[in-house]
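The structure appears right after this line, and notes come after that.
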Amino acid sequence: MRIFMTALVAASALSTAGMATSAFAAEGAVLKLKAPSKAPTLIQDGAMWRCNGDVCAAPQVKSLPIGRACRKVAAELGPIVSFNYRGQDLDAAGLADCNTVAKS
């Protein structure tokens, strides 16, 4: 009985850890720029974006419509090639719209 209880507690802990990891991933964002970023970091709407070359990521972002979020970041960092926001990928039409405000 003692072994059964220990196994049950361990399984419960692993299940909770898995849910926390997926919830964390669903709150962040990742993008790929057309050209490497000139700034290593950007704070936009309270989110801390860290850039390494042409890839930037923020572990936690506000819940905004994906197009609006993309435009805000593109206005600061430049043209975006791909954009994943809170687990959702922006399609080609959305990227084209997003890049209309991209800084040169």
Side-chain angles (χ1 to χ4, degrees):
M1 183 69 167
R2 190 176 211 169
I3 292 172
F4 175 75
M5 291 301 286
T6 303
L8 184 61
V9 169
S12 176
L14 288 174
S15 174
T16 303
M19 288 189 304
T21 302
S22 62
F24 177 78
E27 293 181 1
V30 177
L31 62 85
K32 181 169 174 54
L33 297 167
K34 186 174 181 180
S37 175
K38 294 181 176 126
T41 60
L42 168 70
I43 297 175
Q44 180 69 30
D45 279 336
M48 172 61 99
W49 290 86
R50 295 185 193 279
C51 300
N52 185 6
D54 62 353
V55 176
C56 301
Q60 189 166 12
V61 293
K62 286 185 176 181
S63 181
L64 296 173
I66 190 170
R68 183 185 312 165
C70 185
R71 286 188 299 274
K72 286 184 170 205
V73 176
E76 296 293 326
L77 294 176
I80 295 175
V81 176
S82 67
F83 190 72
N84 181 290
Y85 192 76
R86 299 179 65 89
Q88 181 182 2
D89 287 321
L90 190 59
D91 62 16
L95 285 169
D97 179 59
C98 172
N99 285 323
T100 61
V101 300
K103 80 173 193 179
S104 302

Heavy atoms only: give me the nearest [X]-[Y] pair and the separation to one decimal.
X      : Y     : answer
Lys72  : Gln44 : CB-NE2, 3.4 Å
Ile43  : Met48 : CG1-SD, 3.9 Å
Gly78  : Asn99 : O-OD1, 4.4 Å
Lys103 : Ala75 : CB-O, 3.5 Å

Practice task
Scan residues 85-104 for pairs that pass ring-ring contact (aromatic ring centres under 6.0 Å, His included), counting only residues two or more places apart or in two chains.
Solution key: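 Pairs touching residues 85-104 that pass the test: Phe83-Tyr85.
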Practice task
Could you tell me which residues satisfy side chain to side chain contact (heavy atoms under 4.5 Å, CB included) with Pro36, sequence neighbours excluded, listed by chain and number?
Solution key: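 Per chain and number, Pro36 pairs via side chain to side chain contact (heavy atoms under 4.5 Å, CB included) with no residue.
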Problem - Set of side chain to side chain donor-acceptor pair (under 3.5 Å) partners for Asp97, sequence neighbours left out - result: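 So Asp97 forms a side chain to side chain donor-acceptor pair (under 3.5 Å) with Arg71.
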Problem - Which residues share a side chain to side chain donor-acceptor pair (under 3.5 Å) with Lys32, sequence neighbours left out - result: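 Partners of Lys32 under the side chain to side chain donor-acceptor pair (under 3.5 Å) test: Asp54.
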Exercise for the section: Check the hydrophobic clustering (I, L, V, M, F, W, Y; side-chain heavy atoms under 4.5 Å; chains of links allowed) and say if Val55 and Leu95 are grouped together. Expected result: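 As far as the 4.5 Å side-chain criterion goes, Leu95 and Val55 are not connected within one cluster.
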Exercise for the section: Look at the side-chain heavy atoms of Ile, Leu, Val, Met, Phe, Trp and Tyr, link any pair under 4.5 Å apart, and say whether Val30 and Leu33 land in one connected group. Expected result: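 No, it is not one cluster - the side chains of Val30 and Leu33 are not joined through contacts under 4.5 Å.
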Nearest 0.5 Å please: distance from the [atom1] atom of [X] over to the [atom2] atom of [Y].
X     : Y     : atom1 : atom2 : value
Thr41 : Arg50 : OG1   : CZ    : 7.0 Å
Leu42 : Glu76 : CG    : CD    : 5.5 Å
Leu77 : Leu31 : CG    : CG    : 6.5 Å

Problem - Pairs touching residues 40-69 that satisfy disulfide (SG to SG under 2.5 Å), sequence neighbours left out - result: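 Sorted pair list: Cys51-Cys56.
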Problem - Selection residues 61-104 - residue pairs positive for disulfide (SG to SG under 2.5 Å), sequence neighbours left out - result: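 Found Cys70-Cys98.
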Practice task
Answer yes or no: is there a donor N or O on one side and an acceptor on the other, between the side chain of Asp91 and the main chain of Gly94, under 3.5 Å?
Solution key: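 At least one qualifying donor-acceptor pair exists.
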Exercise for the section: Could you tell me whether a side-chain N or O of Lys34 sits under 3.5 Å from a main-chain N or O of Val81, the two making a donor and an acceptor? Expected result: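 No; judged by distance alone, with no hydrogens or angles, the pair does not exist.
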